[in-house]
Amino acid sequence: MDPFDSHRADELATLLALHEQGSFAAAGRQLERHPSVLSRRLGALELRLGIRLVERSTRQLRFTDEGERLVERLRHAGRLIDEAEQEAAQGAAQVRGRLRLALPAAMGRRWLSAVVADFVLAHPQVSVEAEYADRFVDLIGEGFDAAIRIGELADNRLVASKLCDHLRILCAAPDYLARLGTPQQPAELAGHNCLGFSGLRSFPDWRLTTAGEQVSVKVGGSLRSNDNEALLEAARRGVGILAGGDWLMVDDLQAGRLVRVLPDWQLDVAAGIYLVRPSARLNTAALRAFKAWLEACFKNGAPWRRGNARI
């Protein structure tokens, strides 16, 4: 039988109230129930256990030995429940426990893995499980505490904290542009070999924006993939033009392996990089600490943009 069944709990609460108050009338006032209700509950408890717990008379109650032993065990159980609740409450105040995070694969490995590792070093009582994958996990259904998401948010059940804008830019290898020319207008992209990231919601349309002007170009090419790093390698080798986050291409831009194409234009300007959580309330101290840690890392801008004039 379920120990937390409501009927069973009512019966046990009645027994404890009778022991504490000494009468059905006083116990009824404590539990806000009529004495006759408590009498029926006690009778049901005794019938279920097959033993007499309380001897009744018109003036007083006398607990049997079995009744006294049961009351003492119930009080001990109540203390254990109180301790469990206090321990859970302390878990919400102390930075400890388990933290399950969902992180984007390529960005996570490149820019967030060190952030997570440093957080673990700073909070040795927190155990972090970090899943790196390019999919939108169901935080609530799959039991994640938080996730980093890139793009535009659609799930209004989640609480989002924006870390920074997501700057999507166009790049290509210098030798590709030397062979096939450099586009001067977005419409010219339709005549180029454009590397397609199938994880982009608007794929195969590239929505480009500059100074309030927006155009959409349907692109095509000889290679498409759901993996940003595979497309980045293809772009390095001169296969085509890549549209991707600046976090993906910053090192190659700095080294000159890639150069900006249409540098005045950006893709999907409404997109951002967010920390998302199932709820703003009832967060553990570990999750609050991780949120503060991330926000501190992004306080002065995205780490990959700081001090980098080549983007």
Given the rule that I, L, V, M, F, W and Y join up when any side-chain heavy atoms are under 4.5 Å apart, are [X] and [Y] in one cluster?
X	Y	result
Leu18	Ile51	yes
Val215	Leu267	yes
Leu49	Phe63	yes

Heavy-atom side-chain contact between [X] and [Y] under 4.5 Å:
X	Y	value
Leu170	Cys194	no
Leu101	Val128	yes
Leu242	Phe197	no
Leu139	Val137	yes
Arg100	Glu131	yes
Ile169	Met249	yes
Ile241	Leu195	no
Val261	Leu177	yes

Mind listing the closest non-hydrogen atom pair of [X] and [Y] along with its distance?
X	Y	value
Glu11	Arg48	OE1-NH2, 2.9 Å
Pro104	Ile148	CD-O, 3.3 Å
Ala230	Ser225	CB-OG, 4.3 Å
Arg207	Ser216	CG-OG, 4.1 Å
Pro186	Val217	O-CG2, 3.5 Å
Trp304	Cys164	CZ2-SG, 4.3 Å

Validate the cation-pi geometry between Arg149 and Tyr274: distance from NZ or CZ to the six-membered ring centre under 6.0 Å, angle to the ring axis within 45°.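 No, Arg149 does not lie over the aromatic ring of Tyr274.
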
Hey, is [atom1] on [X] packed in by over 12 heavy atoms from elsewhere, all under 6.0 Å?
X	atom1	result
Arg224	CZ	no
Arg179	CZ	yes
Arg237	CZ	no

Do Ser161 and Arg277 pass the side chain to side chain donor-acceptor pair (under 3.5 Å) test, and can you show the C-alpha distance, the side-chain angles, and the key distance before you say yes or no? CA-CA 9 Å; Ser161 303; Arg277 297 159 287 152; 3.3 Å; yes

After noting the C-alpha distance and the side-chain angles of Leu253 and Cys171, does the key distance pass the side-chain contact (heavy atoms from CB on, under 4.5 Å) rule? CA-CA 8 Å; Leu253 288 168; Cys171 292; 3.7 Å; yes

Hey, could you give me the [atom1]/[atom2] distance between [X] and [Y], rounded to the nearest 0.5 Å?
X	Y	atom1	atom2	value
Trp293	Phe119	CH2	CZ	8.0 Å
His76	Leu74	NE2	CG	11.0 Å
Leu103	Phe144	CG	CZ	9.0 Å
Leu61	Thr64	CG	OG1	11.5 Å
Arg168	Gln266	CZ	CD	11.5 Å
Met107	Ile150	CE	CD1	3.5 Å

Any side-chain donor paired with an acceptor under 3.5 Å for [X] and [Y]?
X	Y	result
Thr209	Gln214	yes
Arg56	Ser39	no
His7	Arg41	no
Ser222	Asn193	yes

Strictly distance-based, threshold 3.5 Å: is any side-chain N or O of [X] a donor or acceptor partner for the main-chain N or O of [Y]?
X	Y	value
Asp268	Ala271	no
Gln184	Thr182	yes
Thr210	Glu213	no

Begin from the C-alpha positions of Trp206 and Lys218 and carry the test side-chain contact (heavy atoms from CB on, under 4.5 Å) through to its verdict. CA-CA 6 Å; Trp206 284 0; Lys218 187 176 292 294; over 6 Å; no

With a 4.0 Å cut-off on N to O distance, would you call Arg62 and Glu68 a salt bridge?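 No, this pair does not count.
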
Looking at Arg69 and Glu72, is any side-chain nitrogen of the basic one under 4.0 Å from a carboxylate oxygen of the acidic one? no

List the steps and the verdict of side-chain contact (heavy atoms from CB on, under 4.5 Å) for Glu229 and Arg110. CA-CA 10 Å; Glu229 291 175 307; Arg110 176 67 180 85; 5.6 Å; no

Classify the ring geometry between His192 and Tyr176 as parallel (under 30°), tilted (30 to 60°) or perpendicular (over 60°).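 Because their plane-to-plane angle lies in the 30° to 60° range, the rings of His192 and Tyr176 count as tilted.
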
Hey, mind stepping through Leu53 and Val71 against side-chain contact (heavy atoms from CB on, under 4.5 Å) and telling me if it holds? CA-CA 10 Å; Leu53 299 172; Val71 166; over 6 Å; no

